[in-house]
Amino acid sequence: MTNDLPSESPWSDESQETADIAGREDFARVVASRIDSCAMGQSSTVFGLVGPWGGGKTTLLKDVISRLDTWECVWFSPWSVSDAESITAEFVSALSEAFPKSKSVKDRLSQYSRFGTPLLKLIPVVGDAASSMAQEAITDLTKRPSWHSEFGKLSREIAEQDVRVLVIIDDVDRLDGDELRALLRVVRLLGRFTNVHYLLAYDQATIESALRSTGADGESSEFMEKIVQYPFEVPPVPMVVRRRWSRAILDSVDPMGDRSGWLHQEAREDLVASLATGLETPRAAQRLREQMNSLSALITNAEVDVLDFTALTWLRINHHRVWNDIRLNSTFYLSWKESDSEETEKGTFERLAPIVSRGHIKPVRDIVRFLFRPTHLAWPGQSRRGRMQNSRYFDRYFHVGLAEDDVSERKTRSALKDLTEGKHTSEDIDYLDAIILGEDPERSALAVDIASSERRSSRTSTPEILKYVETVRAALVLINDPHPFRLSATERWLAREIFLTIEGGHFSWPELIQRFGYQFLTASGYSVHLSEINNRPQVKDLFAEVAKYWIAEVLDESLDSTLARSELLLMTSFCIWTIKNNEYKGFLSKKMADAESLIKTAVRYVSFSEWVGAADVKFDVTFREEEFRFATAGASLGELLTGFPPITGNPDFKVTDRPDRDLTDAQRRDFAIRSLLTLDFDLSTDIAE
């Protein structure tokens, strides 16, 4: 494991031959020097290399050994066996390797193992009896001439070899409680030969947990102090190295390329800092890198944010309970708001503390904040697509792919790009068509929403885009399915494309009026006005031209032709909304020749108010006075009504809380006359004045 993560080959858990993390070489030299200070004839000493799992202890062991040229170093692997007898046999076998030329030592070691097994079973390692019972057991066994004699002869013969032996015991923290007890008995009793020393590598927290599982309680740490005379704590990896690891991982799955937007860069730097805090060991960094590289193709297909996915993957590998809590409680995590107080945020973190089973809570908090704390900064042309904090993409981070009934944003963007480049067909255009016009209305509406959202960031359109959306709308009208929402969504999209093509000078209003009709263009004007918050004055000015063209048409036709127009009331209201000056008022005034023409006109301005209740919909009959006065401004309405016989009594039809909009022609006429008679006209002047 180096300061920089290797990238040329897949990672394996094999250790490096030398410690090449900054500062580790000097550390290995110090440990080796201390071991080498053990003089010939010195009694057995136990050294410890203490550090977290994956912290590079094995690499350090190899580096230390490489510096002990005058020593016989042998590896003892107790975790490859399971019981006391096997551990004893493995120990004897390992120690024998230190004396390849002495058959006598080998034979004596073989005999010695026969005495070791029963001894190990008698002597406790931890607990109240660890000192007293152990001594009693040793005293009892040393009374046996066979064991005492064999041990003494073996000790002398080993000492006579004139060689210093270092028994290296790696991965001590892999052992369970009982296996660990057996190993410590070997080191404590059977192997304490002159010139035979030990170097144990282990994670202190794991060792203590294993010993507690055997009933050691609070004595486990103290006992390890008795076993290991010289513990050396592995130096932590420098933060600058951990930052290099983090950046290398992100570079491997998220090369910056031309994505130099500052929002993306800032998010990247935040994640580098958070990961560096959490990637405490070489193994942790390598595991994360390997996971990300292995899943890179799936990440691309899932169309999720690679920074968020990296953060979540770190949680999954290192804090699976937190990852699982996020998976099962999306509502809680997605409810995080930028405006949340510090107290609210503190409550979120209090949820995490009990489920962080190992390591520090800080990197977990930082990663969760990175994933779910929203920020509403807007910057032209900059965004991070597919964020986990968006409920639309949340499940994809766990499926690592698109569900069968989902819609690909990538293919949708590609289809829109093809259309803007003038293409009429392509693989991605066909993909989008198949979904929008398919049999699944919800998936269709989702595809329209995604496509229109992608287009929302654009300030220009093209005739090809407009034609595509127009064709889709026409096809949906023909399908005539019972799910109007996808047609409605398509028409909102089409409305904005109309606005952009007019704004860009691609078409004239007469062309679009001929193509779409007044009613749809009017609805488009209202729709675009609602969505274009920053361009509303411009929207009204552009669509005012539609109103002016309509009035110009109306002025050239008869009253009956105008009253026959289905869009009369709608367009009158639209004219009031868009036209700023009064010169277009009274487009029907010159056609008000008599009371009958006035009444016929008033009938066309009878409408309904709709009230939606919890259980049903009710309608009130209304007279659209503002629109009527705009259309007839300048006509002497008061004179036309002079001498008009009043209508007395109440109408013979319901005016309020009606169950429907159905009025007969006679009822509409009656309501129009009653409304006219209630209007306040100044008979001496034109109402236009």
Side-chain angles (χ1 to χ4, degrees), residues 484 518-519 522-523 526 547 550-551 554 557-579 582 584-689:
Y518 285 111
Q519 284 187 317
T522 300
Y526 288 126
W550 183 81
I551 288 177
V554 167
E557 63 187 18
S558 66
L559 177 63
D560 286 343
S561 295
T562 300
L563 296 181
R565 285 177 174 263
S566 60
E567 80 278 5
L568 175 61
L569 177 56
L570 180 65
M571 285 304 301
T572 306
S573 179
F574 193 68
C575 290
I576 295 171
W577 180 61
T578 57
I579 298 176
N582 292 331
Y584 291 92
K585 277 186 176 182
F587 57 86
L588 294 181
S589 61
K590 294 181 179 180
K591 301 175 183 181
M592 299 293 98
D594 50 32
E596 184 58 26
S597 62
L598 179 61
I599 293 171
K600 287 184 352 183
T601 300
V603 167
R604 293 291 286 112
Y605 287 92
V606 173
S607 183
F608 295 89
S609 296
E610 181 177 309
W611 308 100
V612 180
D616 55 8
V617 180
K618 298 294 184 182
F619 302 93
D620 293 349
V621 185
T622 61
F623 182 68
R624 302 288 287 273
E625 180 180 348
E626 183 182 11
E627 286 83 355
F628 175 77
R629 286 184 180 275
F630 183 91
T632 59
S636 301
L637 302 182
E639 294 179 5
L640 293 175
L641 288 174
T642 301
F644 197 84
I647 295 179
T648 59
N650 295 320
D652 61 356
F653 54 92
K654 197 171 184 179
V655 174
T656 62
D657 292 333
R658 293 178 57 84
D660 53 49
R661 299 171 182 265
D662 297 333
L663 284 179
T664 66
D665 291 343
Q667 289 171 336
R668 283 180 176 272
R669 181 181 176 87
D670 179 75
F671 188 80
I673 293 172
R674 290 174 184 274
S675 299
L676 286 172
L677 291 175
T678 62
L679 297 181
D680 181 19
F681 296 120
D682 185 346
L683 299 182
S684 62
T685 60
D686 249 8
I687 66 169
E689 299 298 325

Subject >> Which residues share a side chain to side chain contact (heavy atoms under 4.5 Å, CB included) with E557, sequence neighbours left out >> reply: V554, S561, T562, R565, K591
**OP:** Write down the atom of S589, the atom of G634, and the distance for their closest heavy-atom approach.
**Re:** CB-C, 4.1 Å
**OP:** Please lay out, stage by stage, how T522 and M571 fare under the test side chain to side chain contact (heavy atoms under 4.5 Å, CB included).
**Re:** CA-CA 7 Å; T522 300; M571 285 304 301; 2.9 Å; yes
**OP:** For atom CG of N650, decide whether the heavy atoms of other residues, nucleotides or ligands shown that lie under 6.0 angstrom number more than 12.
**Re:** no
Subject >> Listed partners of D657 passing side chain to side chain contact (heavy atoms under 4.5 Å, CB included), at least two apart >> reply: K618, D620, K654
Original post:
Do F653 and T664 touch side chain to side chain, with heavy atoms closer than 4.5 Å?
Top reply: no
Subject >> Minimum side-chain heavy-atom gap T678-F623 below 4.5 Å >> reply: no
**OP:** For residues W577 and Y526, determine if any side-chain heavy atom of one lies less than 4.5 Å from a side-chain heavy atom of the other.
**Re:** yes
Original post:
Judged by modelled atom types alone, do T572 and Y605 share a side-chain donor-acceptor pair under 3.5 Å?
Top reply: yes
Show which side-chain atoms of residues 593-603 pair as donor or acceptor with protein atoms under 3.5 Å away, not counting sequence neighbours.
residue : atom : partner : partner atom : Å
D594    : OD1  : E596    : N            : 3.2
D594    : OD1  : S597    : N            : 2.8
D594    : OD1  : S597    : OG           : 3.2
E596    : OE1  : R669    : NH2          : 2.8
E596    : OE2  : R669    : NH1          : 3.0
S597    : OG   : A593    : N            : 3.1
S597    : OG   : D594    : N            : 3.1
S597    : OG   : D594    : O            : 2.7
K600    : NZ   : D560    : OD1          : 3.0
T601    : OG1  : S597    : O            : 2.8

Original post:
Which heavy atom in R668 sits nearest to a heavy atom in R661, and how many Å separate them?
Top reply: NH2-O, 4.4 Å
Original post:
Which residues satisfy the side chain to side chain contact (heavy atoms under 4.5 Å, CB included) test with P484, sequence neighbours excluded?
Top reply: none
**OP:** Any chance you could lay out the side chain to side chain contact (heavy atoms under 4.5 Å, CB included) test for T622 and F608, step after step, and finish with the verdict?
**Re:** CA-CA 5 Å; T622 61; F608 295 89; 5.5 Å; no
**OP:** Report the C-alpha distance between I576 and F574 in whole Å, list the side-chain angles of each, state the deciding distance to 0.1 Å, and finish with yes or no for side chain to side chain contact (heavy atoms under 4.5 Å, CB included).
**Re:** CA-CA 5 Å; I576 295 171; F574 193 68; over 6 Å; no
Original post:
Would you say N582 and F630 make side-chain contact, with heavy atoms under 4.5 Å?
Top reply: no
Original post:
Is there a side-chain contact between F671 and L663, using heavy atoms and a 4.5 Å cut-off?
Top reply: no
Subject >> Qualifying residues under salt bridge (charged side-chain N to carboxylate O under 4.0 Å, His left out), relative to R658, sequence neighbours excluded >> reply: D660
**OP:** Kindly indicate, with the supporting measurements, whether the criterion side chain to side chain contact (heavy atoms under 4.5 Å, CB included) is fulfilled by R624 and S573.
**Re:** CA-CA 9 Å; R624 302 288 287 273; S573 179; 4.2 Å; yes
Original post:
Can you tell me how far CG of L570 sits from CD of Q519, rounded to the nearest 0.5 angstrom?
Top reply: 6.0 Å
**OP:** Could you tell me which residues satisfy side chain to side chain donor-acceptor pair (under 3.5 Å) with Y518, sequence neighbours excluded, listed by chain and number?
**Re:** E553
